[in-house]
Amino acid sequence: MLLHSTSQLLTLAGGPRRGPDPVDLGLILDGAVLVRDGLIADVGSTQELLARYPNEQRLDARGKAVLPGFIDPHTHLVWAGDRAAEFEMRLQGKTYMEIMAAGGGINATVRATRGATAEELFRQTHERAEAMFRNGTTTAEAKTGYGLELQAELAQLETLVRLDEEGPLEIVPTFMPAHAVPPEFKGREDDYTRLVCERMLPMAAAWWKKRCPGKPLPFVDVFCETGACNLAQTRRILTSARNLGFPFKAHVDEFENLGGAALAVELGAVSIEHAVKTSAIEMQALGKSETVVVSLPCTPFGLAETHYTPARQMLDAGAILALASDLNPGTAWCENMQFVLALACRYLKLTPAEALAAATINAARAIRYEERLGSVEVGKQADLLILSVADFRQLAYRFGGSLVEAVIKRGHLIRVR
Ligand code: NIG
Ligand code: FE
């Protein structure tokens, strides 16, 4: 298939972007893409490609923008139930941390998720995955962490594997048994850390090797925050993960700075997530590291807070910045990366080009798929969006809806509007 006559073809060619320099989106005006066997086979101007492939089946983009599919590198996609009642409590003045300390928050969703049948969990998760895909997300990282005991965590992992097998949304799973301390371990937090390190992580690795032979291990993630894991517990969990061969990430500095960013850089984490309260010294360290900063602007927005990732400072320090939705039932029920871009331009002060790079090639880097996904380059997977508008900046300028008209996933065209 030869996709031609785009207004803008935003290739994002050239690898992940880092630092403060203006982002070059690899723009080709009136560009065209040749797709064969699910891969990108050629990229150039419409004139060139129509001449080079005269007999190819054609798809006319009719003057609309074409870009790589969005990659959402941080979601908590798999859960049961909702927390609308907690949302209302927060509007009346209770904080997220107070609700969590009183047994609500993540543990409320843990109760609902443990109580759901496998079919029910799949159905509810599938609905969200479909919504993400319609809004232009072609690959999403997705975490467990609402089971908090081995079997329930593995059930979440199984849901994610099934979802990925079914498609079209591609799922990159993360095992996150240290998302919170389950109620049965209240007051015995270190015992839970030990259970995670000595039993849950090794069992998950064994489960994975049997269920998905030959596939790289999922990520491991941990919530380093007062009320979840302290710095010492985070270190133990990430070190155990590393020793077992898992690539790993860490939620740090969402509400308080416990030193998690520095620890993540020291241990060689693939990414840190949230990074709102990160210190200037830690930003310098991130700027010199390969650890990606995944910012989640839906989360402060969802909590009606005013502090966002200091993205400009991160970029000035030389960091690799990615954007994600954080899709979850507590702080950010958002299935739309276009809204993430809209927030990032306003509150993180990114340009539309920086935001787009952060949601495509840099997001691919945050899940270690930058060799295969995140840009329109020969040999990469053909995951593309055709917009309903000619100028990609409309993605961030407008908000509350979707400007994605069609999604191409692994070379298959799916109309979504
Ligand atoms: O990234 N911070 C931890 N996890 C989620 C919230 C999950 C929940 O409240 O259910 C987050 O914001
Ligand atoms: Fe999160």
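Just follow the structure's listing: the first ligand is 1, and inside any ligand the first atom is 1.
Under the 6.0 Å distance and 45° angle rule, Arg393 does not count as a cation-pi partner of Tyr397. Phe87 does not carry Arg90 over the face of its six-membered ring by the limits of under 6.0 Å from the centre and within 45° of the normal. With a 6.0 Å cutoff to the six-membered ring centre and a 45° limit on the axis angle, Arg128 counts as a cation-pi contact of Trp79.
For the pair Thr331 and ligand 1, the shortest N or O to N or O distance falls below 3.5 Å. At a 3.5 angstrom cut-off on N or O pairs, Arg83 counts as close to ligand 1.
Here His74 contributes NE2 and His76 contributes NE2, and at the Fe ion (ligand 2) these two atoms make an angle of 100°, given to 10°.
Heavy-atom distances between His179 and ligand 1 reach below 4.0 Å in at least one pair. The closest approach between a heavy atom of Thr109 and any atom of ligand 1 is not below 4.0 Å.
The distance from the CG atom of Leu341 to the CZ atom of Phe399 is 13.0 Å, given to the nearest 0.5 Å.
His76 and His251 have their aromatic ring centers within a separation under 6.0 angstrom. Checked against the 6.0 Å centroid threshold, Tyr347 and Phe301 do not count as a close aromatic pair.
Residue, atom and distance of the protein heavy atom nearest to atom 2 (N) of ligand 1 are Glu254 OE1, 2.7 Å. Ranking the protein heavy atoms by distance from atom 11 (C) of ligand 1 puts Asp326 OD2, 3.0 Å first. The closest protein non-hydrogen atom to atom 5 (C) of ligand 1 is His76 NE2, 3.6 Å.
Closest to the Fe ion (ligand 2) among the N, O or S atoms of Asp326 is OD1.
Counting atoms of ligand 1 from 1 in the listed order, those under 4.0 Å from a heavy atom of Tyr96 are 6 (C), 7 (C), 8 (C), 9 (O). Atoms of ligand 1 lying under 4.0 Å from at least one heavy atom of His274, given by number and element, are 1 (O), 2 (N), 11 (C), 12 (O).
The two residues Lys249 and Ser271 make their nearest non-hydrogen contact at NZ-OG, 3.0 Å. Taking every heavy atom of both residues into account, Ile386 and Lys64 meet most closely at CG2-CB, 4.3 Å.
Counting only non-hydrogen atoms, the option in Tyr146, Trp79, Phe223 that gets closest to atom 7 (C) of ligand 1 is Tyr146.
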